[in-house]
Protein chains: 2
Amino acid sequence: MILSKKTRYAIVALTRLAKEYGKGPIQIKEIAVGEKIPQNFLENILLELRKMGILGSKLGKAGGYFLLKKPDEVNLAEIVRHFEGTIALMYCVSEKAYQPCEFCRDEASCNIRKVFKEVRDTSYDILKRTTLDSLIIRD
Amino acid sequence: MILSKKTRYAIVALTRLAKEYGKGPIQIKEIAVGEKIPQNFLENILLELRKMGILGSKLGKAGGYFLLKKPDEVNLAEIVRHFEGTIALMYCVSEKAYQPCEFCRDEASCNIRKVFKEVRDTSYDILKRTTLDSLIIRD
DNA sequence: TATAATGTCTACTGATTTAGTGAACAAAAT
DNA sequence: ATTTTGTTCACTAAATCAGTAGACATTATA
């Protein structure tokens with residue numbers, strides 16, 4: 001059930017970029033060293049976040065990454081969903097990765113499904129209302 | 001985030017055994033065929049559940065598996081936790097697989113941790129109060 | 001008592017996913 | 001021009017997943 005390192009790195013890196021929001025591009029190296037993330041791996045992750053439209057980048061010397069959206073416009077549900085494939089624990093209750101159940105005859109009356117639907121929905125609600133700005137620690 | 005097949009098979013097999021509670025041993029083959037689970041794989045799973053103390057078995061001809069506990073005494077939290085290792089999405093909020101956070105200085109003030117603690121706690125509550133008897137479909 | 005039908009246990013395996021690495025390339029500042 | 005950065009693609013070692021296979025132990029029953 002533990003999130004992949006990729007997902008965890010993404011959340012930490014985004015929180016860092018939210019903290020520096022408005023300060024222009026931050027270099028990969030600075031995030032990698034500061035947040036203890038392998039730099040090559042972090043490059044792939046930031047690239048994915050850029051393709052998702054969450055990050056922008058500046059090329060060349062004095063380049064780097066920065067948040068395109070405002071910190072309160074990026075929620076954890078979309079991050080987890082993108083890197084994990086889905087929020088749900090069973091395909092039959094997933095929004096993004098739905099597949100018909102391989103066991104039950106009728107999903108509407110399946111009690112196993114009901115439970116995991118409830119787990120998905122409550123988890124989704126928590127992640128959805130958590131935006132990057134609420135993750136920043138201001139000392 | 002999807003549960004492994006092992007975990008899903010375990011839940012389905014246990015629900016079946018709960019349905020047949022009190023009827024004596026049910027053969028692996030009957031469960032395998034009825035619930036569409038590969039028999040060899042199911043053998044491993046039922047063996048694990050026996051070692052957990054949830055199932056009992058009868059050897060030899062006319063043997064099989066049966067629930068040792070009453071269906072309302074087996075909850076999904078213990079099943080998921082056993083087969084997935086933990087309920088939590090981050091080690092730093094896990095009861096069973098706790099490890100100190102690799103990123104934050106102070107877990108008590110980490111906001112990322114707070115969110116995933118809430119996700120873990122609510123998921124745990126739902127799974128904990130769901131027992132096998134509530135999963136049986138009676139037609 | 002022989003035999004057939006079951007569970008037990010250990011080891012093995014192919015496929016997939018995870019967690020990266022490496023290198024050639026492109027763009028921008030100086 | 002040179003240096004510093006991000007971009008892209010290909011590759012890989014290790015771990016996990018999803019089973020299989022086979023020898024063995026136990027029990028019912030004919």
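Residue numbers begin at 1 in each chain, while the letters A, B, ... track the order of the sequences.
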Could you run through nucleotides 24-30 of chain C and give me one letter per nucleotide, 5' to 3': B if any protein heavy atom sits under 4.0 Å from the base, S if only the sugar-phosphate is that close, - if neither? ---BBS-
Show the numbers, then the answer: is there a side-chain contact (heavy atoms from CB on, under 4.5 Å) between Leu89(A) and Val80(B)? CA-CA 10 Å; Leu89(A) 300 182; Val80(B) 171; 5.8 Å; no
Would you kindly give the [atom1]-to-[atom2] distance between [X] and [N], to the nearest whole Å?
{"X": "Tyr9(B)", "N": "dC17(D)", "atom1": "OH", "atom2": "C1'", "result": "11 Å"}
{"X": "Ile2(A)", "N": "dT16(D)", "atom1": "CD1", "atom2": "C1'", "result": "15 Å"}
{"X": "Leu3(B)", "N": "dC17(D)", "atom1": "CG", "atom2": "P", "result": "11 Å"}

Supply the members, apart from Tyr91(A), of the Ile/Leu/Val/Met/Phe/Trp/Tyr cluster built from side-chain contacts under 4.5 Å; use none for a lone residue.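 So far as hydrophobic clustering goes, Tyr91(A) is joined with Ile2(B).
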Share the residues that join Leu68(B) in a hydrophobic cluster, the rule being Ile, Leu, Val, Met, Phe, Trp or Tyr side chains under 4.5 Å apart at the heavy-atom level.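 Grouped by the 4.5 Å side-chain rule, Phe66(B) form the rest of the cluster around Leu68(B).
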Could you pull out the closest heavy-atom pair between Ala77(A) and Asn75(A), with the gap in Å?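 Smallest heavy-atom distance, with atoms named: N-OD1, 3.0 Å.
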Non-hydrogen atoms of Cys92(B) and Glu107(B) that approach each other most closely: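 Reported closest heavy-atom pair: CB-OE2, 3.9 Å.
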DNA chain D contacts among residues 13-29 of chain B, heavy-atom distance under 4.0 Å: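 The answer is none.
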Strictly distance-based, threshold 3.5 Å: is any side-chain N or O of Arg8(A) a donor or acceptor partner for the main-chain N or O of Leu3(A)?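 Here the side-chain-to-backbone pair exists.
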Would you find a donor on one side and an acceptor on the other, under 3.5 Å apart, between the side chain of Ser123(B) and the backbone of Val119(B)?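 A pair under 3.5 Å: yes.
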Can you list everything that forms a side chain to side chain donor-acceptor pair (under 3.5 Å) with Ser94(A)? Sequence neighbours excluded, please.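 With sequence neighbours excluded, Ser94(A) shows a side chain to side chain donor-acceptor pair (under 3.5 Å) to Thr86(A), given in chain and number order.
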Near DNA chain C, which residues from residues 36-49 of chain A have a heavy atom under 4.0 Å away?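 Heavy-atom contacts with DNA chain C come from Pro38(A), Asn40(A), Phe41(A), Asn44(A).
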Strand-adjacent residues in residues 83-96 of chain B, judged by heavy atoms under 4.0 Å from DNA chain C: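 Those residues whose heavy atoms fall under 4.0 Å from DNA chain C, taken from residues 83-96 of chain B, amount to none.
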Pairs meeting criterion salt bridge (Lys or Arg N to Asp or Glu O under 4.0 Å) with involvement of residues 119-130 of chain B, two or more places apart: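 The answer is Glu118(A)-Arg129(B), Lys117(B)-Asp121(B).
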For residues 31-57 of chain A, which side-chain donor-acceptor pairs fall under 3.5 Å, sequence neighbours excluded?
residue: Glu35(A); atom: OE2; partner: Arg16(A); partner atom: NH1; Å: 3.0
residue: Glu48(A); atom: OE2; partner: Lys6(A); partner atom: NZ; Å: 2.7

Residue whose closest nucleotide on DNA chain C lies nearer the 5' end, Lys5(A) versus Arg50(B):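 Final value for this comparison: Arg50(B).
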Using heavy atoms to find the nearest nucleotide of DNA chain C for Gly63(B) and Arg8(A) separately, return the residue whose nucleotide is more 5′.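 Closer to the 5' end of DNA chain C: Gly63(B).
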Could you go through the salt bridge (Lys or Arg N to Asp or Glu O under 4.0 Å) check for Arg81(B) and Glu95(B) one step at a time? CA-CA 10 Å; Arg81(B) 178 179 274 161; Glu95(B) 289 288 311; 5.8 Å; no
Tell me, with the steps shown, if Met90(A) and Ile11(B) meet side-chain contact (heavy atoms from CB on, under 4.5 Å). CA-CA 12 Å; Met90(A) 299 238 181; Ile11(B) 293 170; 4.3 Å; yes
May I ask you to test the Phe103(A)-Thr15(B) pair for a side-chain heavy-atom distance under 4.5 Å?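 A side-chain contact under 4.5 Å is absent here.
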Between the protein and nucleotides 11-14 of chain D, which nitrogen or oxygen pairs are less than 3.5 angstrom apart?
none

Those residues that, when tested against Cys110(B), pass side-chain contact (heavy atoms from CB on, under 4.5 Å) (two or more places apart):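 So Cys110(B) forms a side-chain contact (heavy atoms from CB on, under 4.5 Å) with Cys104(B), Ile112(B), Arg113(B).
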side-chain contact (heavy atoms from CB on, under 4.5 Å) partners for Pro71(A), two or more places apart: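 side-chain contact (heavy atoms from CB on, under 4.5 Å) check on Pro71(A) returns Ala18(A), Tyr21(A), Leu67(A), Leu132(A), Asp133(A).
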